[in-house]
Protein chains: 2
Amino acid sequence: MSMNPIKCHSCSARASRLCSSLDEDAIYELDAIATRIEVSKGNYIFQEEDPSSYVYNISTGMGYLERLSSDGRRQIMAFLFPGDYIGLIPDPIVNVSAGGLTDMSVCRWNIKDIENLIDKHPEFEHRLRRIGNRVLATTLDQLFMLGCKDAREKLAFFLLQMEKRQLVALGEIETIHLPMTRGDIADYLGITVETVSRIFTRIKKEGLIELPDSNEVVIKNRELLEEIAEYNGIDY
Amino acid sequence: MSMNPIKCHSCSARASRLCSSLDEDAIYELDAIATRIEVSKGNYIFQEEDPSSYVYNISTGMGYLERLSSDGRRQIMAFLFPGDYIGLIPDPIVNVSAGGLTDMSVCRWNIKDIENLIDKHPEFEHRLRRIGNRVLATTLDQLFMLGCKDAREKLAFFLLQMEKRQLVALGEIETIHLPMTRGDIADYLGITVETVSRIFTRIKKEGLIELPDSNEVVIKNRELLEEIAEYNGIDY
DNA sequence: CGCGTATTTGATCTATCTCAAAGGCCGTGG
DNA sequence: CCACGGCCTTTGAGATAGATCAAATACGCG
């Protein structure tokens, strides 16, 4: 984990929900109080037990938010895409860790500094609230998925969600790239690795998807997949 | 559903997270733009398909937030206690309905009116964001519960959560009152009615709880129940 | 090329679901 | 005031989706 000076105006996440709330002048203030962190694949941005007086914005790379139980069970709360914001202000982040699925560049701010920025730029507070609203809406979708769907529906939901997020964050649409392992997917969907693998095989046989390799998915029958997932998707 | 004039300063939810953010002067402004709604048991405050340009605060009574799938599966997203706030500003409420477990009194505001109030009282925006943060933290707990816990752990989690919420919202501690049906509990925990019932019987036999009647629970072995639930509980 | 890890597949097991029915509680109407 | 009907809860018996255990294959990396 190293730190470097950054330049917001040339940042690839400049258009992210957090940063785009500020105009060209104000962005320099955000820049001035930011720290750029490089996190390599498999390492953590922060962990549950960390002091957590920071908030973060993903610049490049992908990651996940997870929570572990004392006996080792794991729930992935979200997969993180470039532009994603993590953090609660002024409340500290609660009981989650953020890890890297790939090498990542992450911007980090001290909560206190952000609070000062809020005082100067009220529209920033507004934006933070909007981001929070969106996260809540996504999390409710996920709650519904975990509580009501069976394994096949869960995987369909997951694939469509990943496709949509990838489209918005990266602009790629041909194939869905899955930087996470089957185990990560399992922990996101509340099922086991073996079940994830079996369902992949099954929906491939059903002609719903193709698997050029295990980390690339091409949707062949979107209509049916959407019907199975019952996923309309919130706009990211 | 009837409407009456209200008086915030004498409202039993005056200390709620929403209303307590304003001082005695400002509360009159909140009062002036509020509509009091009476919702009787079994009816809805609002439903998924409603235009949803309002936000709400529970004054008295209890309810739930639910989402239904097209084939009738149901997920209860939250149980609502007096003082609970519902709503996203300026985004509309998404795909959830709010129903009454008991007769309820609910305050309702037009989102536009609240936005005007925010302009006048910036601390109100701040408060809204804090409320959102809290809801998110609760929802993440729930996500973890749904994804990782087995039926017994889920019920233990539920009972401790209800106890804590009841303590904060109503100040009652002797017994846990459950105004919801076994079916509601099932839909909250992502299991079936029969399983809920069986687990109640089981943990009663195990000496963890007593059931004076099916809607009242007394915790007999809190230590073990907490260990099973792995629930520390966020502060409500 | 060979090791370690991830994925897939197979064979069983089991927690929970489903289907079914009995018992209890409550409100309604006679 | 009691009887009836409907709903909720509990309990039982059997079915099953998904978990667990185990092993073979495939993949990426040094």
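Only heavy atoms go into these numbers, but all of them, side chains included; no hydrogens, no water, no symmetry mates.
The list of salt bridge (Lys or Arg N to Asp or Glu O under 4.0 Å) pairs with a residue in residues 152-162 of chain B, not counting sequence neighbours, reads R73(A)-E153(B), R152(B)-E206(B). Contacts classified as ring pair (Phe, Tyr, Trp, His ring centres under 6.0 Å) and involving residues 46-68 of chain B (residues at least two apart or in different chains) are given here: F46(B)-Y56(B). The salt bridge (Lys or Arg N to Asp or Glu O under 4.0 Å) contacts involving residues 44-66 of chain A comprise E66(A)-R74(A), where partners must be two or more places apart or lie in separate chains. Annotation: ring pair (Phe, Tyr, Trp, His ring centres under 6.0 Å) contacts involving residues 180-224 of chain A, sequence neighbours excluded, comprise F79(A)-Y188(A), F158(A)-Y188(A).
Heavy-atom contacts of chain A under 4.0 Å fall on DNA chain D between two terminal nucleotides, which in 5' to 3' order are dG18(D) to dC21(D).
For D150(A), there are no salt bridge (Lys or Arg N to Asp or Glu O under 4.0 Å) partners two or more places apart in sequence or in a different chain. With sequence neighbours excluded, no residue forms a salt bridge (Lys or Arg N to Asp or Glu O under 4.0 Å) with R198(B). Taking the side-chain contact (heavy atoms from CB on, under 4.5 Å) definition, one finds that A229(B) meets it with A156(B), F157(B), L160(B), Y231(B), sequence neighbours left out. Annotation: side-chain contact (heavy atoms from CB on, under 4.5 Å) contacts of T102(B) (sequence neighbours excluded): M62(B), M104(B), P179(B).
Note on the helix from dC1(C)-dG30(D) to dT16(C)-dA15(D): angle between the axes of the first and last five pairs equals 30°, rounded to 10 degrees.
Put simply, the side chain of R67(B) never gets that close to the backbone of V96(B): no donor and acceptor are under 3.5 Å apart.
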Encode nucleotides 7-21 of chain C as B, S and - characters from 5' to 3', where the letter depends on protein heavy atoms closer than 4.0 Å: B to the base, S only to sugar-phosphate, - to neither.
SBBBB----SSBB--
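Nucleotide dT5(C) holds its P atom 16 Å from the CG atom of D184(A), rounded to whole Å.
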Side-chain donor-acceptor contacts of residues 208-219 of chain B below 3.5 Å, not counting sequence neighbours, with atom names and distances?
{"unit_1": "D213(B)", "atom_1": "OD1", "unit_2": "N215(B)", "atom_2": "N", "d": "2.9"}

